[in-house]
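Residue numbering restarts at 1 for every chain, and letters A, B, ... go by the order of the sequence lines.
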Amino acid sequence: KQEVTQIPAALSVPEGENLVLNCSFTDSAIYNLQWFRQDPGKGLTSLLLIQSSQREQTSGRLNASLDKSSGRSTLYIAASQPGDSATYLCAVYAGSGGSYIPTFGRGTSLIVHP
Amino acid sequence: EADIYQTPRYLVIGTGKKITLECSQTMGHDKMYWYQQDPGMELHLIHYSYGVNSTEKGDLSSESTVSRIRTEHFPLTLESARPSHTSQYLCASSRGGFSPLHFGNGTRLTVT
């Protein structure tokens, strides 16, 4: 069974720092990996989707990398801002026989203080 | 921007009541999912569907049911609510293939 671990569980940094959030998974036979942001009491907002054939994806100040062989993905946030404060979750998509079931980590709770 | 709607946004009910949480999407997505999420914890898959008249059970399905009569609608029913059902319920959909998930804003359920 696929297991997804996110480290650190929580992070508090001053504004302007560059950040690295980690996501590891146990079964490397994945289709995609997706990073989400979740604000308190809300649903999940998609940030980046990396297909299994890709190494990385970029959107603005966010860059996500994927190393399937080692079962790892990293989300890099450049020049963090207070508005980046949220919980960041990664989801790994795997399955067989035509299924496509995402498995989520517990997330990294990020606070960026002014 | 994804258009997926969940109602109600908040719900407080007594033990033993039957409830239905609504989820609708206007994107014509074939795949839909229900997740349960407790604070600080990972999302647990309850049910999913790959199209009309197709439903499958996830990890936490034993106390709930779903239906998929129309593509855009995927309601979740708890036949007899218990305090252990107190949680946030998230609905998601995707276009198919390996396309990304889009989430609604969730229903926060409290069972007293």
Side-chain angles (χ1 to χ4, degrees), chain A residues 1-11 23-26 29-54 57 59 64 66 86-110, chain B residues 1-11 21 23 25 27 29-51 54-61 87-110:
Chain A
K1 181 182 177 183
Q2 180 76 264
E3 293 182 5
V4 180
T5 303
Q6 292 189 243
I7 295 173
L11 191 58
C23 172
S24 61
F25 46 94
T26 55
I30 67 170
Y31 299 119
N32 295 334
L33 186 145
Q34 189 172 2
W35 283 94
F36 293 89
R37 168 189 173 132
Q38 186 176 30
D39 293 293
K42 297 289 185 65
L44 280 67
T45 300
S46 178
L47 297 174
L48 291 164
L49 175 76
I50 309 177
Q51 297 181 6
S52 61
S53 58
Q54 298 175 321
Q57 282 285 343
S59 175
L66 174 62
T87 297
Y88 291 81
L89 296 99
C90 71
V92 173
Y93 294 72
S96 60
S99 67
Y100 182 63
I101 304 300
T103 301
F104 287 82
R106 292 188 178 187
T108 293
S109 177
L110 172 65
Chain B
E1 188 67 27
D3 293 319
I4 180 166
Y5 306 101
Q6 291 187 243
T7 57
R9 185 77 180 87
Y10 301 94
L11 181 61
L21 308 184
C23 177
Q25 48 95 5
M27 299 166 284
H29 287 174
D30 285 329
K31 296 181 177 179
M32 296 190 74
Y33 305 82
W34 274 104
Y35 286 91
Q36 182 177 339
Q37 184 187 32
D38 293 319
M41 303 296 286
E42 63 266 46
L43 279 70
H44 291 285
L45 182 65
I46 309 172
H47 293 277
Y48 59 101
S49 167
Y50 285 166
S54 157
T55 61
E56 300 289 341
K57 295 181 178 182
D59 299 331
L60 297 180
S61 62
S87 188
Q88 174 158 257
Y89 292 82
L90 294 168
C91 181
S93 71
S94 70
R95 180 165 40 87
F98 301 142
S99 54
L101 255 60
H102 301 276
F103 278 84
N105 274 327
T107 293
R108 182 161 295 281
L109 174 65
T110 301

message = In terms of relative ring orientation, are B:Phe103 and A:Phe104 parallel, tilted or perpendicular, with 30° and 60° separating the classes?
response = perpendicular
request  = Ignoring hydrogens and angles, tell me if any N or O in the side chain of B:Gln36 forms a donor-acceptor pair with the backbone of B:Leu60 under 3.5 Å.
outcome  = no
query = Checking A:Gln38 against chain B: side chain, backbone, both or neither under 4.5 Å from a heavy atom?
reply = side chain
query = Quick check: does any side chain N or O of B:Ser49 sit under 3.5 Å from a backbone N or O of B:Ser54, one acting as donor and the other as acceptor?
reply = yes
task = Sort B:Leu90 into side chain, backbone, both or neither according to what part of it lies under 4.5 angstrom from a heavy atom of chain A.
result = side chain
query = Quick one: does A:Gln2's side chain have a donor or acceptor within less than 3.5 Å of a partner on A:Thr26's backbone?
reply = yes
request  = Below 4.5 Å from any heavy atom of chain A, which atoms of B:Gln37 appear? Answer side chain, backbone, both or neither.
outcome  = side chain
ask   = Is it the backbone or the side chain of A:Leu44 that comes under 4.5 Å from a heavy atom of chain B, or both, or neither?
value = both
inquiry  = For the interface with chain B, which of A:Leu89, A:Asn32, A:Thr103, A:Val4 has the highest count of heavy-atom pairs at distances below 4.5 Å?
reply    = A:Asn32
With A:Gln57 via side-chain contact (heavy atoms from CB on, under 4.5 Å) - residues at least two apart = A:Leu48, A:Ile50, A:Gln54
